[in-house]
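Read the structure below first, then the notes.
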2 protein chains.
Amino acid sequence: MHAFRNRLAQYSDIPDKVWNVIQDIGTKPGHFKAGADIIRVGEITDSLFIISTGWATRFRTLEDGRRQIVNFMLPGDIFDLQALARMEADHSVSALTDVSILSISPQKFIRKMRESGEVSSAFWWAAVQEESILREQAVRLGRRSARERIGHLLLELQRRMNGALGSNAEQLSLPLTRVDLADALGLTPVHVSRTMSAMRSAGLIEEHRGLVLIRDRQRLARLSHFDPDYLHLRKLDYSRFSEDTPDVPSKVV
Amino acid sequence: MHAFRNRLAQYSDIPDKVWNVIQDIGTKPGHFKAGADIIRVGEITDSLFIISTGWATRFRTLEDGRRQIVNFMLPGDIFDLQALARMEADHSVSALTDVSILSISPQKFIRKMRESGEVSSAFWWAAVQEESILREQAVRLGRRSARERIGHLLLELQRRMNGALGSNAEQLSLPLTRVDLADALGLTPVHVSRTMSAMRSAGLIEEHRGLVLIRDRQRLARLSHFDPDYLHLRKLDYSRFSEDTPDVPSKVV
DNA sequence: CGATTCATTGATCGAGATCAAAATTGGTGG
DNA sequence: CCACCAATTTTGATCTCGATCAATGAATCG
């Protein structure tokens, strides 16, 4: 339930201390049903949110109905630092699953940031990571093939979920339809389906209900050119947990 | 020469005051030749930059040479607020033209931010705008056709350049090759060339050397679904300056 | 179980990629 | 001012990845 604490542990040596300060700010719990809007275009949001459970998505809808998912928000993710600027949202955020959140008042948040350098650098790290993920999304959309996009996104989400859960699993609970994936990856649902079938046949992944199992991380990472540096995680040594040694030992794949 | 001041004027009523504070922080001028690296992957940058003249670009290069330009940095743009986190760059920034910059020490910057609410909200606005532009880039790459991408980017750049120069011109000095455009738009240079030829024949734009003239803003905006809300500019009434009335009068196209 | 949503499969199409060559443009130095 | 060279843009011919259209097959859920 302390997804944010877990995430911080990927970066800071003192996640508990920071986490205590956060709680001390005074957070208000909230809940959104799957499908509900969390932030609507054109509205001004006047609080920050930390997701404690569930998935949300940030997207833009074009006039003719096309939709582009800009990123996924997982447990432990914080948004919108934008809210501090009291500007109208130019995009929407909505709940993909049932989502529970903690909301924080911007005023209190800013005060705490000023008081503690450790806290503010933790948040700054989170903001930088988020922007980095967004840049990688642009690269994925602009310069990768369908198969690369899917593999790359799966590996990213798995990494991020492990970070949020404090786990180290090869499997990922993925509450996304082919339409969601397509809208995130700039593809059609039909093509996502076909490509993922091929990936299953190739022994790269397995799927059971909403569970995705990464069967061959090495190969999947290679073929999708996944390099997790952009997540700015401290080097968790994944190789310790896997049978085969990576071909580039110095780098964690 | 005060591109940053001009940009602020799009947002704040007191650009001069903010600008004075910036200068007061102590900025150090610098210069990069066209093609030079400003930030290299893997390095930690320890200062902030404001571009005063010239264009720079932020991009990622994949192992096999594919390149994706993530965004363009124009006069008045500030980067990298990331530098405050002292994290390794996961992408590169390099000068497209000769670029002159002002660099600011992060420590001094943070101190000033704390001292003045007006200054910090001005910078916050700039950061939010930048992120917004990045999101729009993702939408462009994921869900728009080649013609829409090109039209949309041209209109964005024109708007941003006008903001930086404090001007209101229908023409844009565009120091980009077809390869640059292709790398920004997720296309091939060949296709960019063909599509732009078609746009010229259609009377949408004109090109002379590095100058692009927007011939038919209305039509170009409509066909590329350009809606400048994401730039979070205060509503500059462009319709005052154009002959024909927009079909949606309330919105500035 | 029916009914609705979601995933898969098949057939065909088309926007943009690729490969290759020709035409412009822009320096640079004589 | 002109001739030459390198970089850039354009044009042409062809191919391919992913889109589109349409139908069938699971799941999931009252």
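First the proteins, then the strands, lettered A, B, ... as listed; each starts at 1. Predicted model only: the values in this text are computed from it and were never measured.
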Among B:V99, B:I39, B:T57, whose side-chain contact (heavy atoms from CB on, under 4.5 Å) with B:S94 holds? B:T57
Between A:S197 (side chain only) and A:S193 (backbone N and O only), is there a donor and an acceptor less than 3.5 Å apart? yes
Closest of D:dG18, C:dT9, C:dG16 to the B:A146 side chain is C:dG16
Please determine, by modelled atom types, if A:R140 and A:Q137 share a side-chain donor-acceptor pair under 3.5 angstrom. yes
Under 3.5 Å, side chain of A:T195 to main-chain N/O of A:R147, donor-acceptor pair present? no
Can you tell me the distance, in whole Å, between the CE atom of A:M199 and the P atom of C:dA7? 16 Å
In whole angstrom, what separates A:R144's CZ from D:dC17's C1'? 17 Å
Quickly work out the A:L187 CG to D:dT20 P distance and round it to whole Å. 11 Å
Looking for any heavy atom pair under 4.0 Å, which part of the strands does B:S197 touch: base, sugar-phosphate only, or nothing? sugar-phosphate
If you compare every side-chain N and O of A:T188 against the phosphate oxygens of D:dA19 (OP1, OP2), does one of them come in below 4.0 Å? yes
Which whole-number value in Å describes the distance from B:R200 CZ to C:dT24 C1'? 12 Å
Please determine whether a side-chain nitrogen of the Lys or Arg among B:E207 and B:R178 lies less than 4.0 Å from a carboxylate oxygen of the Asp or Glu. yes
Rounded to the Å, how far apart are A:E148 CD and D:dC17 P? 12 Å
How many Å lie between CG on B:D183 and P on C:dG16, as a whole number? 17 Å
Are B:D183 and B:F59 side-chain neighbours, meaning at least one heavy-atom pair lies under 4.5 Å? no
Check whether the ring centres of B:Y230 and B:H152 lie less than 6.0 Å apart, and answer yes or no. yes
Would you please confirm or rule out a distance under 4.0 Å between OP1 or OP2 of C:dG26 and any side-chain N or O of B:R209? yes
Looking at A:R215, I want to see if its CZ is surrounded by more than 12 non-hydrogen atoms of other residues, nucleotides or ligands under 6.0 Å. no
Between A:R143 and A:E207, which is nearer to the 5' end of DNA chain C once each is assigned its nearest nucleotide? A:E207
Quick one: label B:R147 by what it contacts on the DNA or RNA (base, sugar-phosphate, nothing), any heavy atom closer than 4.0 Å. nothing
In residues 171-181 of chain A, which ones come under 4.0 Å of DNA chain C, going by heavy atoms? A:T177, A:R178
When rounded to whole Å, the CD1 to C1' distance for the pair B:I150 and D:dT9 reads 14 Å
Describe the nucleic acid contact of A:G186 in one word from base, sugar-phosphate, nothing, applying a heavy-atom distance below 4.0 Å. sugar-phosphate
Would you confirm whether A:D216, through its side chain, and A:R219, through its main-chain N or O, come within 3.5 Å as a donor-acceptor pair? yes
When you measure from the side chain of A:R194, which nucleotide among D:dG12, D:dT28, C:dA11 comes out closest? C:dA11
With a non-hydrogen cut-off below 4.0 angstrom, is B:S145 in contact with a base, only sugar-phosphate, or nothing? sugar-phosphate
What nucleotide, of C:dT18, D:dT9, D:dT20, holds the atom closest to the side chain of B:S193? D:dT9
Rounded to whole angstroms, how far apart are NE2 on A:H191 and P on C:dT12? 19 Å
Using five base pairs at each end, measure the axis-to-axis angle across the helix from C:dC1-D:dG30 to C:dG30-D:dC1 and round it to 10 degrees. 50°
Heavy-atom neighbours of A:R67 CZ exceed 12 at 6.0 Å: yes
